[in-house]
2 protein chains.
Amino acid sequence: MNSQQANMEELNTLYLGDCLTEMRKIRPNSIDLIYLDPPFFTEKKHSLKNRDGSTTFSFNDIWGDQESYALFLHERLLVMRDLLSDTGSIFVHCDKSANHIVRALLDAVFGAENFQSEIIWHYKRWSNAKKGLLPSHQNIYFFSKTKNFKFRKVFTAYSDATNLDQILQRRTRNKDNKSVYARDANGKIEIGDAKQGVPLNDVWDIPYLNPKAKERVGYPTQKPLLLLDRIIELVTDEDDVVLDPFCGSGTSCVAAKLLKRRYLGIDQSEDAINLAQSRLQAPVKTDSALLTKGRDSFAKQDSVILECLKGLAFNPVNRNQGIDAILIEQFENTPVLVKVQKSDETLAEAATRLLKAASKKGSKRVFLVQTLIDLNDLPPSRDNIDMIVIQTPSVQIQARSLA
Amino acid sequence: MNSQQANMEELNTLYLGDCLTEMRKIRPNSIDLIYLDPPFFTEKKHSLKNRDGSTTFSFNDIWGDQESYALFLHERLLVMRDLLSDTGSIFVHCDKSANHIVRALLDAVFGAENFQSEIIWHYKRWSNAKKGLLPSHQNIYFFSKTKNFKFRKVFTAYSDATNLDQILQRRTRNKDNKSVYARDANGKIEIGDAKQGVPLNDVWDIPYLNPKAKERVGYPTQKPLLLLDRIIELVTDEDDVVLDPFCGSGTSCVAAKLLKRRYLGIDQSEDAINLAQSRLQAPVKTDSALLTKGRDSFAKQDSVILECLKGLAFNPVNRNQGIDAILIEQFENTPVLVKVQKSDETLAEAATRLLKAASKKGSKRVFLVQTLIDLNDLPPSRDNIDMIVIQTPSVQIQARSLA
DNA sequence: ACGGGAACTGAATCGGAAC
DNA sequence: AGTTCCGATTCAGTTCCCG
């Protein structure tokens, strides 16, 4: 860290130190989102070893009384308020140990009128030792600086029990001022505007970090990337600035980086800063893969490529860039190859790979399944290979809709 | 009510009045469970008409400032503490409006060491246009009088992801002292004792009292019986005494009665007491299809459908023979419907069903996804519906191969 | 700029009609 | 007779508008 710096203008950096002093170097009104995961007032010392056992990360969460905890948080929240831009928001993570204290402090600093939501992060856990209910949630308080806060509406699927047919119908009021469905002159039901889905609610069911997850870096109380992902997307745009004053292993910074936001992280522990630093450099790729996978499974859209070929008699081919399946029935005594376009390749790339494989296998007929809309030209065929491009239903529907 | 009574020894009764004064008539240490659903500090007046419109029930939840609300609740909680037996518990219902105040008061009156759980009651509710997240939970604070509180462990069903077969299998140790599944003389895996399930956690997904539910009596903010069932079963035995100092329409008393517990209800409103009284005569409980069958029973979409539509912006439609999805983008201000042919229907049947649905919805364009080879003719279109048939990749490939 | 009341929203269930 | 499907009903909803 360059001590010459008048303020922390340099973004995408991690700073070592107490956030109270470090934050004072940041320009007021310059931050779009503050996420913080401070000590929870558990009255315990938390420590955990990393995978190879070389480093033990720990932090102290023993305070003796509520007042010292409240004081600690309060003076820091006051600084945070100044840093936040007028369209900015703050998300404070805590749990049952002190959520009422945190909420009261936030009310005092940001004003009860700027309270937006109590988000419940719900996860499943495996344990049954204790008398009582199994704790399986944490609380996140969402406050905005002003009522003019930035918010990007997110929509989710309708409930399975919802009668979607009816949702489409336009509403009106009858002569008794009662809300009813609108009908035209012929008594036929009128259809209303397009529906986008159900607005995201305040209870988030996101899996806790699996003990064996690759994502796990050995830092105690590490949060899932998916949680931060969602928070960041909710209240920031690209290039906005995210500050995490208790960044720990740097999950929020990693999420910000993956989502093309700028970030600032602060932590008191040198070990934590080093860990976060290294996470931000190399493993962004693995994090990115995890995020994609997480999002997919979240949306329940995980799919098998071969689903496209369901109903056909074929042998699946694994670990071959050019081929996904070979049909059991041959064409003019040559194997019929099938390739499905992957989400990270253009149709032209897929075609080139398929043609190369076909040439090698001496195939006379191959099928390329297009899974993404793409208007570029295909490479010319070669070796008299008959390449037939077919489209998945969604591509066909999209093509028609665009027309 | 008999004013001669020195205390409220007479159980299974409802009392009209302010609970502060009424509760003083109850013998200390005589109550096993106190459930209360006080005003939430919403700063609104709540009122609602019953079904036939004959009575309007209402209560006032306007306080002006937090202090008067806190004072009101505090003096009543102090009395409640005295009434509770040493093995007793108190459950206080509130929401984001003042959960931090309620929690702080409970900490003060019952002691932070007797805090047991913050229960999150999560439900899906009809939404409305709002900037921010859709509120969909309320908070229930569970405190015990002493650490020696009564608690009956409740187990819930395993999640779908759990391999239930495996859990049921009896385990033993092999000669290397490794844990393995037990097998009988024939090498068949033995089934072990029934497992009890997963211990109940602190986030409860219970359907909101539906607008159409028979259980509804017209009282504002009425709670579902199921919620009270669960609380009562958790911390009381048969014949134990349940007190609800803000009983309103008497849901807690009805639940207690149905579960063979004794009850005492208090409310300020004569209308409420009358209503609760009559409910206790003929209790009605909604048989929630969601709960008895489970959410999963509704959908379980064919994976083929999801695969066909992957990449499209759509709302899935469940339990409708004619439609599987509605695209979010409309066509000439009419909804675009999509149907995927099922394995047990011919293309013609699928088309007929789709056209019928389209006609009703006034759709001008629909997509039918063909998943099976079929050479029969389609029914003629009707009502000027533009029906576009598209084929899955496997159908296209098969069609080509047959040629 | 506010506080308060009127106006309006929209999806999630259940219940019962339709098949 | 058992499913499937459709419509009623609601507002611990919100927003807007006016004084």
Side-chain angles (χ1 to χ4, degrees), chain A residues 113 116 118 147 155-174 176-183 189 192-199 201-202, chain B residues 37-51 53 58-62 64 93-99 102 121 123-140 206-224 227 246 248 284-293 295 297-298 315 317-323 353 356-357 360-361:
Chain A
E113 70 281 9
Q116 298 301 337
E118 178 185 56
K147 68 177 182 190
F155 293 94
T156 58
Y158 287 90
S159 162
D160 293 336
T162 297
N163 179 356
L164 202 60
D165 295 354
Q166 190 182 3
I167 297 296
L168 292 172
Q169 294 166 22
R170 193 185 301 283
R171 309 205 48 149
T172 184
R173 282 180 184 274
N174 69 6
D176 301 327
N177 201 34
K178 246 184 72 172
S179 178
V180 293
Y181 292 105
R183 287 168 189 277
I189 279 166
D193 303 326
K195 301 289 178 199
Q196 312 209 59
V198 185
N201 71 42
D202 60 8
Chain B
D37 184 20
F40 285 3
F41 191 63
T42 54
E43 294 293 71
K44 280 178 198 148
K45 188 179 174 184
H46 296 265
S47 54
L48 200 64
K49 274 199 176 97
N50 67 355
R51 276 266 158 73
S58 67
F59 66 88
N60 185 17
D61 187 17
I62 300 176
H93 203 125
C94 57
D95 82 351
K96 59 184 159 55
S97 312
N99 60 342
V102 171
W121 170 34
Y123 46 82
K124 287 179 181 277
R125 218 176 154 277
W126 51 92
S127 69
N128 49 28
K130 181 200 174 194
K131 182 177 178 181
L133 300 165
L134 195 64
S136 65
H137 75 273
Q138 291 177 10
N139 312 56
I140 301 171
I206 294 178
Y208 197 84
L209 198 56
N210 196 270
K212 286 285 282 180
K214 272 190 194 159
E215 194 178 319
R216 237 173 217 282
V217 293
Y219 195 82
T221 74
Q222 190 186 342
K223 303 291 175 295
L227 182 69
F246 296 87
V284 178
K285 190 170 170 180
T286 297
D287 179 30
S288 163
L290 266 181
L291 280 168
T292 49
K293 290 189 201 161
R295 284 198 178 271
S297 71
F298 279 78
N315 288 311
V317 177
N318 299 313
R319 308 205 293 172
N320 186 313
Q321 281 203 323
I323 321 171
R353 287 174 179 152
K356 188 179 155 200
K360 209 154 119 191
K361 297 280 171 291

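Chain letters run A, B, ... following the sequence lines, proteins first and then strands; every chain starts at 1. Just the heavy atoms: all of them, side chains too, but no hydrogens, waters or symmetry mates, feed the values below.
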Problem set entry | Atom P, compared across D:dG13 and D:dT9: separation rounded to whole Å | 23 Å
Exercise. When rounded to the nearest 0.5 angstrom, what is the spacing between NZ in B:K124 and NE2 in B:H137?
Worked result: 15.0 Å
For this session: Find the distance B:E43:CD to C:dG5:C1' and express it as a whole number of Å.
Result: 16 Å
Exercise. Does B:S127 make a side-chain N or O approach to OP1 or OP2 of C:dA12 shorter than 4.0 Å?
Worked result: no
For this session: Taking the side chain as every heavy atom from C-beta outward, state whether B:K130 and A:P199 have any atom pair closer than 4.5 Å.
Result: no
Considering only nitrogen or oxygen atoms on both sides, find all protein atoms under 3.5 Å from nucleotides 15-19 of chain D and state each distance.
unit_1	atom_1	unit_2	atom_2	d
D:dT15	OP1	B:K131	N	3.3

Exercise. Among the nucleotides D:dT14, D:dA12, C:dA11, which one has an atom lying closest to any side-chain atom of B:R125?
Worked result: D:dA12
Seminar exercise, completed: Within residues 210-218 of chain B, the residues having a heavy atom closer than 4.0 Å to DNA chain D are B:P211, B:K212, B:R216
Exercise. Who pairs with B:R216 by salt bridge (Lys or Arg N to Asp or Glu O under 4.0 Å), at least two apart in sequence or on another chain?
Worked result: none
Problem set entry | Closest nucleotide among D:dC5, C:dT13, D:dT14 to the B:K44 side chain | D:dT14
Exercise. So what does A:Y158 hit on the nucleic acid, given a heavy-atom distance under 4.0 Å: a base, only sugar-phosphate, or nothing?
Worked result: sugar-phosphate
Exercise. Has the side chain of B:E43 got a donor or acceptor atom that lies under 3.5 Å from a matching backbone atom of B:S97?
Worked result: no
Exercise. Looking only at heavy atoms, what is the nearest atom pair of B:L209 and B:Q222, with distance?
Worked result: CD2-CD, 3.4 Å
For this session: May I ask you to test the A:L168-A:K195 pair for a side-chain heavy-atom distance under 4.5 Å?
Result: yes
For this session: Round to a whole Å and report the spacing from CD of B:Q321 to P of C:dA18.
Result: 18 Å
Exercise. Tell me: OH of B:Y123 to P of C:dT13, nearest whole Å?
Worked result: 12 Å
Exercise. Reckon B:P224 touches a base, only the sugar-phosphate, or nothing at all at heavy-atom distances under 4.0 Å?
Worked result: nothing
For this session: Quick one: list whatever passes salt bridge (Lys or Arg N to Asp or Glu O under 4.0 Å) with B:K223, sequence neighbours left out.
Result: B:D37
Exercise. From the list D:dG7, C:dA12, D:dA12, which nucleotide is the closest neighbour of the side chain of A:Q169?
Worked result: D:dG7
Seminar exercise, completed: Considering only heavy side-chain atoms of B:Q138, the closest of D:dA12, C:dT13, C:dA11 is D:dA12
Exercise. How many Å lie between CG on A:L168 and P on D:dC5, as a whole number?
Worked result: 16 Å
Exercise. Are B:T221 and B:F40 side-chain neighbours, meaning at least one heavy-atom pair lies under 4.5 Å?
Worked result: no
For this session: Report yes if some heavy atom in the side chain of A:K147 is under 4.5 Å from a heavy atom in the side chain of A:E113; otherwise report no.
Result: no
Exercise. Between B:T221 and D:dA12, is there a side-chain N or O to OP1/OP2 distance below 4.0 Å?
Worked result: no
For this session: Report the residue (A:Q166 or B:H46) whose heavy-atom-nearest nucleotide on DNA chain D is the more 5′ of the two.
Result: A:Q166
For this session: List for me each residue that meets ring-ring contact (aromatic ring centres under 6.0 Å, His included) alongside B:Y123, sequence neighbours excluded, and say none if there are none.
Result: B:W121, B:Y208
For this session: State which of D:dA12, D:dG7, D:dT4 makes the closest approach to the side chain of B:F40.
Result: D:dA12
Seminar exercise, completed: Nearest heavy-atom contact between A:E118 and B:N139 is OE1-ND2, 2.9 Å
Exercise. So what does B:P220 hit on the nucleic acid, given a heavy-atom distance under 4.0 Å: a base, only sugar-phosphate, or nothing?
Worked result: nothing
For this session: Rounded off to whole Å, could you give me the CG-to-C1' distance for the B:L209 and D:dC11 pair?
Result: 12 Å
Exercise. So does B:K45 reach the base of D:dA12 with its side chain, donor to acceptor, closer than 3.5 Å?
Worked result: no
For this session: For atom NZ of B:K45, decide whether the heavy atoms of other residues, nucleotides or ligands shown that lie under 6.0 angstrom number more than 12.
Result: no
For this session: Check the distance between C:dG16's C1' and A:N163's CG and give it to me in whole angstrom.
Result: 14 Å
For this session: May I have the distance from B:N320 (atom CG) to D:dG7 (atom P), rounded to whole angstrom?
Result: 12 Å
Exercise. Taking only Watson-Crick and G-U wobble pairs with both distances under 3.5 Å, what dot-bracket line describes DNA chain C, where [ ] shows pairs that cross earlier ones and | shows pairs with another strand?
Worked result: .|||||||.||||||||||
Exercise. C:dA12, D:dA12, D:dG7: which one has an atom nearest the side-chain heavy atoms of A:V198?
Worked result: C:dA12
Problem set entry | Pair B:D61-B:K44, side-chain contact (heavy atoms from CB on, under 4.5 Å): steps then yes or no | CA-CA 5 Å; B:D61 187 17; B:K44 280 178 198 148; 5.6 Å; no
Exercise. Taking atom C1' of D:dT3 as reference, at what distance in whole Å does atom CZ of B:R353 sit?
Worked result: 13 Å
